[in-house]
Amino acid sequence: MKNLTFKAPVLMLLLFGSVLYGQTEETVKAGEVPAAVQDTVATVQDTGNDSNLRDVPWYVERFRVSAGFYEMINNTTISIEGTSGRGTDVDFERDLGFDKKNSTFLGEFEWRSSSRSRFNLSYFNSRRNTSKTIDRELTIGDETYPINSDLRTEIETNFFRFSYGYAIFSKPKYEAGLLIGTHTITTKIGIEFRGETAEIEKNRKYDAVAPLVDFGIWGGYAFTDRFALRAELNYFQLKIDNFDGKTFGYNLAAVYRVWKKLDVALGYAGLDLNVNFDENNADYDIDWGHNGLMLFVSYSFGNKKWR
């Protein structure tokens, strides 16, 4: 309807210009156009070019860099099966004494190649360590740790995610669309074992990389010219050969523009991940869930004239 409304006055102006030119052509040399007609045509051309620019929510920017903190609550159960058979399902928080809560840095980069297309790359790291005298026998890989063993354990997880989203609906106050993403999660586990006598001491390290794909929906709504809500929900499950994985993630953030291109956001996010795969002659079964509050700042830059 906007195009029809726009074209009608444009055609009328062009028609008016043609009539005006026809009326004055006897007094104007061939090839010359009156200044009034030139101004009218130039105005019409400029207006036509501007009409092709799309109006999008204020938070839609060409480039955005974000950094902040994630206060996460963890639930981690890992089983590592070695050559001797299935390992124990080890609850890292209950069996090994890990604190459920830990704070971590997070970072994200977003590129809007158009008003509807977005590319996102995000990263965060979780590192925890603890010591505990275990109260039950644990088998991890090819090692069995008897009850009352002193274990010093550390676990480090790096989380990378790349996604592409396309806005099916894109209006001045809101947008919503579909996305596809890839998760790459690297996990490093170190276990230092000290038995009841000083002579018994063992150190073991386990490294694993779990890649996953997900599909989802995303969107945002601008309540005012400074405040908006943005959300994302994704899920995927895949079983092929010796790999079986499932992931479910979500996040919701309230965004406020404090100054020009600078935004602050408070959000809540979570991820439930379960993967089973073989690597380095060991079978890994990782069930890791985390959720919590996020606080971050974002700076935007780049041309924002969308077509």
Check the pair Arg230 / Glu108 against salt bridge (Lys or Arg N to Asp or Glu O under 4.0 Å), numbers first and verdict last. CA-CA 15 Å; Arg230 302 182 68 186; Glu108 183 177 50; over 6 Å; no
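- Using a cutoff of 4.0 Å between basic side-chain nitrogens and carboxylate oxygens, Arg127 and Glu156 are scored as salt-bridged.
- Remark: the Thr139 side chain and the Thr144 side chain contain an N/O donor-acceptor pair separated by less than 3.5 Å.
- Grouping the Ile, Leu, Val, Met, Phe, Trp and Tyr side chains by contacts below 4.5 angstrom, directly or via other members, places Val255 apart from Leu295.
- No side-chain heavy atom of Lys132 sits less than 4.5 Å from a side-chain heavy atom of Leu96.
- A donor and an acceptor atom, one from each side chain of Arg118 and Ser113, are nowhere located under 3.5 Å apart.
- A salt bridge links Glu93 with Arg128; the closest basic N to acidic carboxylate O contact falls under 4.0 Å.
- Screening Leu212, Asp214, Thr184 for a side chain to side chain contact (heavy atoms under 4.5 Å, CB included) involving Arg161 leaves a single residue, Asp214.
- Between Arg112 and Glu61 there is no salt bridge, since none of the side-chain N atoms of the basic residue sits less than 4.0 Å from a carboxylate O of the acidic one.
- For the residue pair Tyr70 and Ser103, no side-chain donor N or O sits within less than 3.5 Å of a side-chain acceptor on the partner.
- Using a 30° and 60° split on the angle between ring planes, Tyr174 and Tyr221 fall in the parallel class, below 30°.
- Asp150 and Thr133 share a side-chain donor-acceptor pair at under 3.5 Å.
- No side-chain donor from either of Asn234 and Thr247 sits under 3.5 Å from a side-chain acceptor of the other.
- Taking the six-membered ring where the residue is Trp, Phe124 and His290 present perpendicular rings, their angle passing 60° and hence far from 30°.
- Taking the six-membered ring for Trp and thresholds of 30 and 60 degrees, Phe223 and Phe227 have ring planes inclined between 30 and 60 degrees apart.
- Between Tyr235 and Gln237, the side chains place a donor N or O and an acceptor N or O closer than 3.5 Å (distance only, hydrogens not considered).
- Looking only at atom types and distance, the side chain of Asn75 has a donor-acceptor partner in the side chain of Lys100 under 3.5 Å away.
- Using a 3.5 Å distance cut-off with no hydrogens or angles, the side chains of Tyr268 and Asn291 do pair a donor with an acceptor.
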